[in-house]
Amino acid sequence: MKKHSPFEMGLSSAEVIARRLPGLWWGMISPSAASHSELVKTVVEKQMAFVEGCFAVQTEMFKMMLAPLEGSHDRLMQAALAPSARRVKANLRRLRG
């Protein structure tokens, strides 16, 4: 499992928010199909990341029952952050382009 730094995740999330806000603001002033699509994507991706994170934590908890508890807190945190981290990085690539 790839490690995701909470610090890096926080910085990346802040940049995604900063890049998205002008588009969302403009979409409220002059609504279009593209602005609606971006708004829907913004909401749905967070719901999906949350659900994937919950399943990943459950999977790690099951693995912990079968293995020693060494490093268990870090494994749980990484499992929970992984779906959000993937989306944040994908958003940065898309919004920077």
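None of these values were measured; they are calculated from a predicted model.
- Taken together through direct or relayed side-chain contacts under 4.5 Å among Ile, Leu, Val, Met, Phe, Trp and Tyr, Val40 and Met48 form part of one hydrophobic cluster.
- Atom CD in Glu60 sits 12.0 Å away from atom CE in Met77 (nearest 0.5 Å).
- Using modelled atom types, no side-chain atom of Ser35 and backbone atom of Pro31 make a donor-acceptor pair closer than 3.5 Å.
- Inter-residue side-chain proximity for Leu24 and Met28 is flagged as unmet; no heavy-atom pair is nearer than 4.5 Å.
- Scanning all heavy atoms of the two residues, the minimum distance from Gly53 to Pro83 falls at N-CG, 3.4 Å.
- For the pair Leu95 and Arg19, the tightest heavy-atom approach, listed with the atom from each and the gap, is O-NH1, 3.6 Å.
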Walk me through whether Glu52 and Gln47 qualify under side chain to side chain contact (heavy atoms under 4.5 Å, CB included). CA-CA 9 Å; Glu52 287 175 28; Gln47 294 170 336; over 6 Å; no
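- The cluster map of Ile, Leu, Val, Met, Phe, Trp and Tyr, joined by side-chain heavy atoms under 4.5 Å apart, puts Leu92 and Leu81 in the same cluster.
- Atom CZ of residue Arg87 and atom OG of residue Ser13 lie 12.5 Å apart, to the nearest 0.5 angstrom.
- One N or O on the side chain of Thr59 and one on the backbone of Phe55 form a donor-acceptor pair closer than 3.5 Å.
- With no hydrogens or angles considered, no side-chain donor-acceptor pair links Asn91 and Glu15 at under 3.5 Å.
- For Ser12 (side chain) and Met9 (main-chain N/O), no donor-acceptor pair under 3.5 Å exists by modelled atom type.
- Residues Lys41 and Arg94 form a side-chain contact, since some pair of their non-hydrogen atoms from C-beta on lies under 4.5 Å apart.
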